[in-house]
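Read through the structure below, which is laid out as structure tokens, and then see the notes.
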Amino acid sequence: MTVPVQQPLPFHFQFLAGAVAGVTEILCMYPLDVVKTRAQLSSGASTGIIESFKNIISKEGPATLYRGIAAPILVEAPKRATKFAANEQYTALYKKMFGMEKVTQPLAIATGISAGVTEAALIVPFELVKIRMQDPRNASKYTGTADALTKIIKQEGPLALYNGLESTMWRHAIWNGGYFGTIFMIKDMLPKAETKNELLRNNFIAGTIGGTFGTILNNPMDVVKSRVQGYSGEGPKKYNWALPSLATIAKEEGVATLYRGFTAKVLRLGPGGGVLLVVFESVSSFLRKNFMDQK
């Protein structure tokens with residue numbers, strides 16, 4: 001017996017499912033994000049993931065792998081919820097706008113890009129604080145997330161929290177477009193799920209491939225975003241707008257620098273994308289079964 005077509009979730013259930021999925025993913029994968037950010041901020045010799053982990057743990061202690069996690073945890077629930085909820089809402093909007101009955105891959109890409117831009121506008125201040133906390137140069141500068149937030153506002157002004165807004169929008173539009181567009185294609189290619197376990201398998205495979213492809217596409221903008229948000233007001237501001245910064249990094253440090261942190265990032269967002277989708281779909285199914293089907 002095939003898995004039945006599921007009815008759309010109301011917005012508040014989409015929000016809840018996205019929140020649970022996002023917090024689950026970040027708790028599992030955050031240390032890789034610390035390694036990734038440090039690689040992107042560095043203009044020196046590249047260091048492998050295992051060596052980076054060893055250096056951080058031996059020199060700074062294992063707790064450093066979770067330094068700055070409070071900021072992304074605080075925004076993770078609304079961020080992930082916004083990603084999925086906005087994608088659902090844009091899908092309904094675009095289908096109505098263009099008179100489409102079914103979701104196509106171009107539509108999936110368009111809705112993913114739109115959801116990414118919406119998500120980016122929400123998370124910029126939290127991302128900036130996280131980047132500052134993850135930067136080893138700030139180890140003695142900020143005692144914690146609240147201290148970092150207070151000092152950034154006091155020393156650089158409240159608008160500094162939105163440094164990197166443009167590059168963050170580029171990063172999320174590109175990743176979400178690749179992620180949701182790939183998910184649509186992979187799901188269509190996989191064998192039709194006959195059981196709940198097969199559905200979870202398909203979702204994990206599609207989410208993992210989607211997360212990997214999205215990372216391949218957006219890693220250069222992620223490097224730019226880290227450089228822009230890493231600036232703390234000391235000395236000349238080298239990186240500002242996304243595309244000129246992209247060109248500057250490629251010219252001065254080589255094109256390969258735009259893929260700094262790629263392995264750590266893809267290890268996080270590849271499997272992380274699978275975890276994200278599986279948890280989201282599992283929570284969504286639970287909510288449908290227990291709060292919608294019995295109506």
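Predicted, not measured: the structure shown is a model, and the values here were computed from it. Quick note: numbers below take in every heavy atom, side chains included, and nothing from hydrogens, waters or symmetry partners. Residue numbers count from 1 along this sequence.
Within a 6.0 Å radius of CZ in Phe213, no more than 12 heavy atoms belonging to other residues, nucleotides or ligands are found. The environment of CE in Met100 is crowded: more than 12 heavy-atom neighbours from other residues, nucleotides or ligands sit within 6.0 Å.
Partners of Arg171 by salt bridge (charged side-chain N to carboxylate O under 4.0 Å, His left out), not counting sequence neighbours, listed by chain and number: Glu127, Asp222. In this structure, the side chain to side chain contact (heavy atoms under 4.5 Å, CB included) partners of Ala250, at least two apart in sequence or on a different chain, are Val255, Leu258. In this structure Glu252 satisfies the salt bridge (charged side-chain N to carboxylate O under 4.0 Å, His left out) test together with Lys238, sequence neighbours excluded. Thr168 is linked by a side chain to side chain contact (heavy atoms under 4.5 Å, CB included) to Ala120, Ile123, Val124, His172, Lys225, Gln229, counting only residues two or more places apart in sequence or in another chain.
Contact record, Arg201 with Pro191: NH2-O, 4.1 Å, taken as the closest heavy-atom pair. Of all heavy-atom pairs spanning Met29 and Leu267, the tightest one is SD-O, 4.2 Å. For the residue pair Ile113 and Ala173, the shortest heavy atom distance occurs at CG1-O, 3.5 Å. Heavy atoms only, all atoms of each residue included: Ala148 and Val129 are closest at CB-CG1, 4.2 Å. Heavy-atom minimum distance, Ser52 versus Val35: CB-CG1, 3.8 Å. Taking all atoms of both residues into account, the shortest heavy-atom contact from Asn176 to Gly112 is CB-O, 2.9 Å.
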Run the numbers on Glu25 and Arg268 for salt bridge (Lys or Arg N to Asp or Glu O under 4.0 Å), then give the verdict.
CA-CA 9 Å; Glu25 187 270 343; Arg268 180 194 174 186; 3.1 Å; yes
Given side-chain contact (heavy atoms from CB on, under 4.5 Å), test Met221 with Leu243 step by step and report yes or no.
CA-CA 9 Å; Met221 279 301 171; Leu243 295 180; 3.6 Å; yes
Between Asn218 and Lys265, is a side-chain contact (heavy atoms from CB on, under 4.5 Å) present by the stated rule, with each step listed?
CA-CA 10 Å; Asn218 91 330; Lys265 182 177 169 69; 3.1 Å; yes
Would Tyr239 and Thr248 count as a side-chain contact (heavy atoms from CB on, under 4.5 Å) here? Give the steps.
CA-CA 8 Å; Tyr239 308 107; Thr248 297; 4.2 Å; yes
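Looking only at atom types and distance, the side chain of Thr215 has no donor-acceptor partner in the side chain of Tyr179 under 3.5 Å away.
Distance alone, capped at 3.5 Å, places no donor-acceptor pair between the Glu253 side chain and the Ile249 backbone. No donor-acceptor pair closer than 3.5 Å links the side chain of Asp188 to the backbone N or O of Phe184. Using a distance-only test at 3.5 Å, with no hydrogens or angles considered, a donor-acceptor pair links the side chain of Thr111 to the main chain of Ala108. For the pair Glu166 (side chain) and Ala242 (backbone), a donor-acceptor distance under 3.5 Å is present. No donor-acceptor pair closer than 3.5 Å links the side chain of Asn202 to the backbone N or O of Lys192. Counting only distance, with no hydrogens or angles, the side chain of Ser245 and the backbone of Asn240 share a donor-acceptor pair below 3.5 Å. In this structure a side-chain-to-backbone donor-acceptor pair under 3.5 Å is present from Asn290 to Phe286. Judged purely by atom type and a 3.5 angstrom limit, Ser167 uses its side chain to pair as donor or acceptor with the backbone of Gly164.
Within the 4.5 Å cutoff, no side-chain heavy atoms of Lys36 are placed close to those of Leu32. Looking at Gln40 and Phe262, their side chains never come closer than 4.5 Å, going by heavy atoms from C-beta outward. Counting heavy atoms from C-beta on, the side chains of Ser232 and Lys141 come closer than 4.5 Å. A heavy-atom distance below 4.5 Å is found between the side chains of Thr257 and Arg227. A 4.5 Å side-chain heavy-atom check between Gln134 and Tyr30 finds at least one atom pair inside the cut-off. Considering only heavy atoms from C-beta on, Thr37 comes within 4.5 Å of Asp33 through its side chain. In this structure the side chain of Thr104 reaches within 4.5 angstrom of the side chain of Leu107, judged on heavy atoms. The side-chain heavy atoms of Pro220 and Tyr259, taken from C-beta on, include a pair separated by under 4.5 Å.
Taking Ile, Leu, Val, Met, Phe, Trp and Tyr as hydrophobic and joining them when side-chain heavy atoms fall under 4.5 Å apart, one finds Leu159 isolated, its cluster having no other members.
A continuous path of hydrophobic side-chain contacts links Ile174 to Val266 [ILVMFWY only; heavy atoms under 4.5 Å]. When hydrophobic clusters are built by joining Ile, Leu, Val, Met, Phe, Trp and Tyr residues whose side-chain heavy atoms come closer than 4.5 Å, directly or via intermediates, Val228 is not grouped with Leu128. With hydrophobic clusters built from ILVMFWY side chains whose heavy atoms lie under 4.5 angstrom apart, Val278 shares a cluster with Val20. Cluster annotation: Leu149 is connected to Tyr162 through the hydrophobic network of ILVMFWY side chains, with a link wherever side-chain heavy atoms come within less than 4.5 Å. Under the 4.5 Å side-chain heavy-atom criterion for Ile, Leu, Val, Met, Phe, Trp and Tyr, Met133 and Ile56 are members of distinct hydrophobic clusters.
For the atom pair CD1 of Ile186 and CD1 of Ile205, the computed distance is 9.0 Å after rounding to the nearest 0.5 Å. For the atom pair CD1 of Ile131 and OG of Ser226, the computed distance is 4.0 Å after rounding to the nearest 0.5 Å. To the nearest 0.5 angstrom, Asn203 atom CG is 8.5 Å from Ser285 atom OG. Atoms OG1 and CZ, on Thr91 and Phe180 in that order, are 8.0 Å from each other to the nearest 0.5 Å. Atom OG1 of residue Thr145 and atom CG of residue Leu74 lie 7.5 Å apart, to the nearest 0.5 angstrom. Annotation: the span from Ile183 atom CD1 to Ile109 atom CD1 amounts to 12.0 Å, rounded to 0.5 Å.
Screening Leu217, Val223, Ile216 against Asn219 for a side chain to side chain contact (heavy atoms under 4.5 Å, CB included) leaves a single residue, Val223. Only one option out of Lys151, Lys237, Arg132 pairs with Glu156 in a salt bridge (charged side-chain N to carboxylate O under 4.0 Å, His left out); it is Arg132.
Contact check on Lys96 versus Glu101 returns no salt bridge, with no Lys/Arg side-chain nitrogen under 4.0 Å from an Asp/Glu carboxylate oxygen.
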Anything under 3.5 Å between a donor and an acceptor, one on a side chain of residues 57-66, the other on a protein residue two or more places apart or in another chain? List them.
from  : atom 1 : to    : atom 2 : distance (Å)
Ser58 : OG     : Lys54 : O      : 2.8
Ser58 : OG     : Asn55 : O      : 3.3
Glu60 : OE1    : Arg38 : NH1    : 3.4
Glu60 : OE1    : Arg38 : NH2    : 2.9
Glu60 : OE2    : Arg38 : NH1    : 2.7
Thr64 : OG1    : Glu60 : O      : 3.0
Thr64 : OG1    : Gly61 : O      : 3.1

